[in-house]
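On a predicted model such as this, the values are computed, not experimentally measured, just so you know.
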2 protein chains.
Amino acid sequence: MSLSDPDRAAPGQRLAWAAARLRAAGHRDTRPRRQILHVLTHAEGHLTVEGIHHQAAAAGPLDTSTVYRTLTIFERIGLVHTVLIGGRVTYGLADHPHAHAICDTCARVTALRSTAWGHLAALAHGEANGFTSSGIIVRGQCDACLTGAGEATDQD
Amino acid sequence: MSLSDPDRAAPGQRLAWAAARLRAAGHRDTRPRRQILHVLTHAEGHLTVEGIHHQAAAAGPLDTSTVYRTLTIFERIGLVHTVLIGGRVTYGLADHPHAHAICDTCARVTALRSTAWGHLAALAHGEANGFTSSGIIVRGQCDACLTGAGEATDQD
DNA sequence: CTCAATGCAAAGCATTTGCATCCCT
DNA sequence: AGGGATGCAAATGCTTTGCATTGAG
């Protein structure tokens, strides 16, 4: 389950980057937002709203609605991106492109190390008219689920 | 919005493939499921549950809960896959891999024609331990949203 | 000072479930 | 005939909103 990316910046740098982007988009730098950014910059993989709220609340109380509103803004300005994992909406910092393989059956997530996806990012930029990639998702099914499709081992 | 894929099979073939897969997984071939498959095999892009239900209902009444239950089974057996587009969960037939670029800000979807993503699929197979790709999603932001990030033109 | 951002609590909806009935195999 | 699949309708639970208050710039 270790989704650690070798080329990911240190939490401090990521947070600075995020805060700058937030200000640049004309938004205020508040305590609740800092709490949420702290969680996101330290996270290994993607987190659900519930997970973010839970962790962020450790640094001081904040309302669920604030988490939703904040995350919505973050996504709009391209600070985070959402990924559907196992039927759950999850959020992750979009500071550097990365590729993940997600199984549609068991929801297992595997980080892809190779840089081959760089091609795809460039391709999207050309074909999708200046599109800037923040991440790539490969959907499908892992070997285990494909083989035993039908009597999938329930392990949500 | 035309997401037509040049290499996609005809509706009839897609439906046959889907029905076979359904039976192979040990599920019954019922009228409601046929209605839903009909919609999916004729769809250009991805559809929301509401959209699927709306279209499928044209061929005879069926309950929303049935659509949900059916779609859940379809996804489990790898017949369809889900994609989060503009905060909405959407479904699409997973009969052949295809790549899409989705803007996190305006939710615009662009189909990628190139076959460069084939590399990524193969790569996932190797790195993610036998993973079989059904589709690839490039997330990020389109040029328009990246440029005017902040005063995004609301056009849901 | 001003107006965006929050907290609270009430709505709003999408999704899930229990159960009796139906119908594919 | 038997057991999975459906329809209905109630129940969940995630997400959104209105409004008064707070605080960043």
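We find that NE2 of His53(A) is positioned 12 Å from P of dT6(C), with the value rounded to whole Å. At whole-Å resolution of the value, CG in Asp63(B) and C1' in dG7(D) are 5 Å apart. Rounded to whole Å, atom P of dC23(C) lies 17 Å from atom CZ of Arg34(B). One can place CG of Leu22(B) at 15 Å from P of dG4(D), the figure rounded to the nearest angstrom. In this structure, His54(A) places its NE2 atom 18 Å from C1' of dC14(D), rounding to the nearest Å. Here the P atom of nucleotide dA5(C) and the CZ atom of Arg76(A) are 12 Å apart, to the nearest Å. When rounded to the nearest whole Å, the span between CZ of Arg88(B) and P of dC13(C) equals 10 Å. Protein atom CD of Glu75(A) is 11 Å distant from nucleotide atom P of dT16(D), rounded to whole Å.
Between Thr48(A) and Arg88(A), the closest heavy-atom pair is CG2-CB, 4.2 Å. Shown here for His81(B) and Leu93(B), the closest heavy-atom pair between the two residues is NE2-O, 4.0 Å.
Side-chain contact check for Glu75(B) and Thr82(B): at least one donor-acceptor pair (N or O, by modelled atom type) lies under 3.5 Å. With hydrogens and angles left out, the side-chain atoms of Gln141(A) and Ser134(B) include no donor and acceptor closer than 3.5 Å.
In the set dG7(C), dT16(D), dT16(C), the nucleotide with an atom closest to the side chain of Tyr68(A) is dT16(D). Among the nucleotides dT17(D), dT15(C), dT6(D), the one closest to any side-chain atom of Ser65(A) is dT17(D).
Arg34(B) and Asp29(B) are joined by a salt bridge, as a carboxylate oxygen and a charged side-chain nitrogen come within less than 4.0 angstrom of each other.
Residue contacts for Thr64(B): at a heavy-atom cut-off of 4.0 Å it reaches no nucleic acid atom on any strand shown. Within the nucleic acid shown, Arg33(A) comes within 4.0 Å of sugar-phosphate atoms alone, with no base atom in reach, counting heavy atoms only.
Residue side chain Arg69(B) reaches the base of dG7(D) through a donor-acceptor N/O pair under 3.5 Å, judged by distance alone.
Each of Thr66(A) and Val49(B) lies near DNA chain C, and the nucleotide nearest Thr66(A) is the one positioned closer to the 5' end.
Aromatic ring orientation, His98(A) versus His46(A): tilted (interplanar angle from 30° to 60°).
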Inset, instruction - Any chance you could list the contact pattern along nucleotides 20-25 of chain D? Use B for base contacts, S for sugar-phosphate-only contacts and - for none, protein heavy atoms under 4.0 Å, 5' to 3'. - result: ---BBS

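Screening residues 54-63 of chain B for salt bridge (charged side-chain N to carboxylate O under 4.0 Å, His left out) gives no qualifying pairs among residues at least two apart or on separate chains.
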